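First up is the structure itself, then whatever we jot down about it.
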Amino acid sequence: MTMPHHALEILLTRPLTAAELRHAAHPWPLAANHDSNRLMAVTSGKTPERAAHRLRQRLATRLPIDVITSHYTDARGRVMLNVAFPPAAYTHLRRSARRAGLTPERFVREALHRDLAEHADREADRLDHAVRQLLAGTTPAHLLSAVGHALTRPLEGPTP
């Protein structure tokens with residue numbers, strides 16, 4: 001029986017030198033982005049979680065790994081995160097999760113969902129305020145035309 005393969009992205013705590021990348025890629029083929037602070041790997045495993053665990057075990061001594069994520073979403077549109085907390089942080093996380101009656105994984109998942117929802121609300125409020133500021137000096141038709149024009153031109157510089 002063949003094991004499924006999973007595309008995983010490795011986010012590093014700092015960019016790698018060329019020598020570090022060669023050393024890390026020796027036991028495991030890796031593809032680096034332009035500044036070598038993110039890597040891609042294809043790993044076998046029954047689940048993305050097991051594949052990420054295996055990848056972390058093999059590369060943790062060779063790379064400054066921050067987070068490993070699944071590159072593709074699952075059937076429910078979710079991305080898997082593999083985070084290795086320092087012992088003191090994990091102890092605090094376990095305690096907080098226990099107080100909330102949750103597993104550490106569930107505790108982190110719910111905190112992330114809550115924080116992402118709050119961020120989306122703040123962003124919606126910020127955009128609403130910005131649009132109202134723009135409408136104070138023009139008509140809705142002119143603003144809509146300007147937005148359409150801006151969206152059809154190539155982006156200049158990084159997006160926020």
Side-chain angles (χ1 to χ4, degrees), residues 4-16 21 24 28 30-60 62-136 140 143-144 146-160:
H5 285 76
H6 305 278
L8 301 174
E9 185 169 0
I10 305 165
L11 287 78
L12 304 171
T13 59
R14 62 172 174 76
L16 297 179
L21 181 57
W28 208 288
L30 300 169
N33 71 333
H34 70 282
D35 59 1
S36 297
N37 65 352
R38 290 173 31 202
L39 307 171
M40 289 295 300
V42 175
T43 310
S44 61
K46 286 185 178 180
T47 66
E49 292 81 5
R50 285 187 179 182
H53 179 76
R54 180 173 176 231
L55 184 65
R56 186 180 288 277
Q57 283 184 316
R58 292 267 177 97
L59 295 177
R62 295 174 177 260
L63 293 172
I65 297 174
D66 191 15
V67 177
I68 299 175
T69 70
S70 54
H71 185 66
Y72 300 107
T73 58
D74 65 13
R76 293 168 45 189
R78 297 181 309 180
V79 171
M80 180 274 311
L81 293 176
N82 175 287
V83 180
F85 292 103
Y90 190 70
T91 298
H92 179 71
L93 172 62
R94 268 197 338 258
R95 245 186 251 126
S96 298
R98 194 176 317 119
R99 269 188 252 122
L102 301 170
T103 64
E105 293 80 11
R106 178 88 183 190
F107 185 80
V108 169
R109 186 180 313 123
E110 289 186 7
L112 280 171
H113 283 272
R114 186 176 50 253
D115 289 348
L116 289 171
E118 288 173 9
H119 173 74
D121 288 346
R122 284 192 308 273
E123 183 66 2
D125 289 345
R126 183 188 71 77
L127 290 171
D128 184 58
H129 178 73
V131 168
R132 290 182 187 284
Q133 291 287 101
L134 290 168
L135 284 171
L143 178 59
L144 187 57
V147 168
H149 182 71
L151 291 175
T152 59
R153 291 192 296 175
L155 292 174
E156 297 173 11
T159 58

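The chain is numbered in sequence order, starting from 1. Keep in mind that the numbers below use all heavy atoms, side chains included, and drop hydrogens, waters and symmetry copies. Keep in mind the model is a prediction, meaning the values are calculated, not measured.
- Nearest heavy atom pair, residue R62 against residue A24, reads CD-CA, 4.1 Å.
- Shown here for A7 and M40, the closest heavy-atom pair between the two residues is CB-CE, 4.3 Å.
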For residues 63-71, which side-chain N or O atoms pair as donor and acceptor with protein atoms under 3.5 Å away, sequence neighbours left out?
residue : atom : partner : partner atom : Å
S70     : OG   : Y72     : O            : 3.4
S70     : OG   : M80     : N            : 2.8

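- Here the shortest heavy-atom pairing between P140 and L135 reads CA-CD2, 3.7 Å.
- Between atom CD of residue E105 and atom OG1 of residue T103 there is a gap of 5.0 Å, rounded to the nearest 0.5 Å.
- Annotation: the span from I10 atom CD1 to N33 atom CG amounts to 11.5 Å, rounded to 0.5 Å.
- With R56 contributing its side chain and N82 its backbone, the two residues share a donor-acceptor pair below 3.5 Å.
- Proximity of L59 to L30: side-chain heavy atoms (C-beta onward) are separated by under 4.5 Å at one or more points.
- How far CG of L134 is from CG of L143: 5.5 Å, rounded to the nearest 0.5 Å.
- With values rounded to the nearest 0.5 angstrom, T43 atom OG1 is found 7.0 Å from R54 atom CZ.
- Note that the CG atom of L81 and the CD atom of E49 stand 10.0 Å from one another [nearest 0.5 Å].
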#### Entry: Candidate pair H129 and R126, rule side chain to side chain contact (heavy atoms under 4.5 Å, CB included), full reasoning
CA-CA 5 Å; H129 178 73; R126 183 188 71 77; 5.8 Å; no
### Query
Which is it for E110 and R114 under the salt bridge (charged side-chain N to carboxylate O under 4.0 Å, His left out) test, yes or no, and what are the steps along the way?
CA-CA 6 Å; E110 289 186 7; R114 186 176 50 253; 5.4 Å; no
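- Among all heavy-atom pairs drawn from T47 and H6, the shortest one is C-NE2, 3.5 Å.
- Going from atom NE2 of H149 over to atom CZ of R153 covers 3.5 Å, rounded to the nearest 0.5 Å.
- A 6.0 Å sphere centred on CZ of R94 holds more than 12 heavy atoms belonging to other residues, nucleotides or ligands.
- Between L93 and F85, the shortest heavy-atom distance links the atoms CD2-CE1, 3.7 Å.
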### Task
Kindly determine whether L11 and R38 satisfy side chain to side chain contact (heavy atoms under 4.5 Å, CB included), including the steps that lead there.
CA-CA 5 Å; L11 287 78; R38 290 173 31 202; 4.2 Å; yes
